[in-house]
Every structure is written in C-alpha cells, then in structure tokens.
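Written out below as structure tokens is the structure these notes cover.
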Amino acid sequence: MTFATYRGRFAPSPTGLLHAGSLCTAVGSYLEARARGGEWLLRMEDLDPPREMAGAADHILRTLDAFGFEWDGEVAYQSRRHALYRHALERLIASGHAYPCNCTRKDIAALARRGLDGYVYPGLCRQRSPEQGGRAWRLRLADGETSLQDRLQGVYSQNLARDIGDFVLLRADGLWAYQLAVVVDDAEQGVSDVVRGADLLVSTPRQIAVQQALGVPTPAYCHLPVLVNAAGEKLSKQTLAPAISAAAAAAELRQALSRLGHTPPPDCGSLAELWAWARASWSLDRVPAGPITIDA
Ligand code: GLU
C-alpha cells in the first residue's frame, strides 16, 4: 500500500516535559516531513492519567511553538478518541483476533518466561470466548516472523508469538494500551511515515500485527537514534533528563541538529536562520543510526 501524500507526526506522552532526546525526535520527524513536502501532525498521547504530569501537555505545546515548529491542523488528544479505540477492539473481537483475559500479573509471572519486552504471555486465556468476558483483552498472535525495513535501522524482525506473546489491547485497569491506540490513530489520521525514537523499534512488529489484524496499511518507519547518558541509559524522566528551555531555543536547536548529523554553520544564529538552513540541508543519510552519548 502506498500513500498519496507524506504525512508524519510527533506524538509525545505528557508524562514529563520535553528533554534533549524528545527534541531530537521532534526535529528529525519535522524536517523529514518538510523535506518530503509533507504534513506534520501533533498528537498528544494522554491515555495514562496516573503517569501524566499536571500541565505537561500545555507546556509541551508551548515549548514546540517557542522553538518554531509549525504543525498542520489541530492537535489530536488521545484522551478524546476513546470511541475509536473501542470500535477497533470490537472489530478485532468480531474477527476472532482479540480474546478476553482474566490473568493477574502474579498468574503470569508464575508461569511465563521473559521475552524481548517483559513476560511472554503463556496463553492461559486463549480459549476464552468473548462472551465469557474478562478484565483485559489481548491480541491472538499467529506463529511466524514479522519484519520491517526501517529507513535508518535496516531490517528488523521478531517472531511475535515467541519473542513477545499475545499482548494487551485493553488493560485490566480499563486503560487502552499504547499498541492499539497508536495503530488506530496512525491509520485514522492517514500517517504515511512514522519517524520516532529507536526505543520504539521493539514495539513496531506488535503495531504491524495490529495493523494486519485490522486490515489497515502499514506506514513506513524510521527510528531515530536515542540519546543516552554516560551509563548508556536513554534520556527520560526516569533518568532525570533536564527539560529543554524555550529561553535557550536557538542553542538547543543547534545542538539537536548537530546530534542528528547536521552541524549548522557558525553564522546561523537565530531560530529562523537555523530552521532555514536545516530545511535546506536535511538528509536522512547524514543521521547516525546508533545511540548518541551525551555528557549531561
Ligand atoms: N507517545 C510515545 C512516546 O512519547 C511515542 C509514540 C510514537 O511515536 O509512536 O514515547
């Protein structure tokens, strides 16, 4: 399936403020969209209120604006899109792809082996019928390899049944799983190209499995390098990455561009000059694929 127009997106979770790592992701996905003559959407992934930080969503939007990002259309909020996720789950249930599950974490931990991203669900509820209901809903995986050709990371494959296991679509606490919501939104918003951080490469085969089960197209993927600290940990709220500052936007943007293989000439001083140079110079070929260590 090919898309008529390039449409990219940036999809922050308001669990914290933007840091140098999320800025690199935003810059890379924005410049790639503009270089391809495409659109760039903004989607707030606010599906997990207990993990969210008060005021973070607005702060993220204000910061992106102060940095000079120009997004297309209205910001989408996942918290307002529950009906779409519900409809997708109903379709997956009707087609036999989703089944209810009543297992607790303890049940699973007692039996399961660890896979690539936590426990591999041991299939205890696989025979439950939708009518029996359950606290959570899982996607029933078929055996076989799921592969993608990432534009930066190359070929990436998983045997989902072996490496991940039937994963959750609707959580026992009633919250929608990221893996379902992201697929529903990318499809519904017509996203042709997903450019995001390489920490999400491990999730991509799961998202392809959901796309295939729903019969929606698979976008092109490009996973940008993540920033890591001296201990090799990804910059995040957990590793206490400092928030980027709108007051120092030009310096922060210059640094993000350099990290992405595009060091601006010294005479690009202002935000406007930096963006103009970056838009004219951007090429994915110059972006490094591996993690970038920063001394912060
Ligand atoms: N909301 C996710 C995050 O902030 C990104 C989701 C995506 O780009 O697919 O890590």
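Counting starts at 1 for both ligands and their atoms, in listed order.
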Under 3.5 Å, N/O to N/O: give me all the pairs between ligand 1 and the protein, one per line with atom names and distance.
| from | atom 1 | to | atom 2 | distance (Å) |
| --- | --- | --- | --- | --- |
| ligand 1 | 1 (N) | Ala11 | O | 2.7 |
| ligand 1 | 1 (N) | Ser13 | OG | 2.8 |
| ligand 1 | 1 (N) | Glu45 | OE1 | 2.6 |
| ligand 1 | 4 (O) | Ser13 | N | 3.3 |
| ligand 1 | 4 (O) | Ser13 | OG | 3.3 |
| ligand 1 | 8 (O) | Arg9 | NH1 | 2.7 |
| ligand 1 | 9 (O) | Arg9 | NH2 | 2.8 |
| ligand 1 | 9 (O) | Tyr178 | OH | 2.9 |
| ligand 1 | 9 (O) | Arg196 | NH1 | 2.8 |

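- Side chain of Arg151 to backbone of Ala220: no donor-acceptor contact under 3.5 angstrom is found.
- Under the ring-ring contact (aromatic ring centres under 6.0 Å, His included) rule, Tyr30 has a single partner from Phe67, Phe69, Phe10, which is Phe69.
- Ring orientation note: the planes of His82 and Tyr85 are nearly perpendicular, at an angle over 60° on the 30°/60° scale.
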**Request:** Would you sort out whether Tyr99 and Gln132 count as a side chain to side chain donor-acceptor pair (under 3.5 Å), showing the intermediate values?
**Result:** CA-CA 10 Å; Tyr99 65 88; Gln132 286 175 284; over 6 Å; no
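- Under the 4.5 Å side-chain heavy-atom criterion for ILVMFWY residues, a single connected hydrophobic cluster contains both Leu31 and Leu42.
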**Item:** Glu233/Asn229 under side chain to side chain donor-acceptor pair (under 3.5 Å): CA gap, chis, key distance, verdict
**Value:** CA-CA 5 Å; Glu233 301 158 331; Asn229 62 20; 2.8 Å; yes
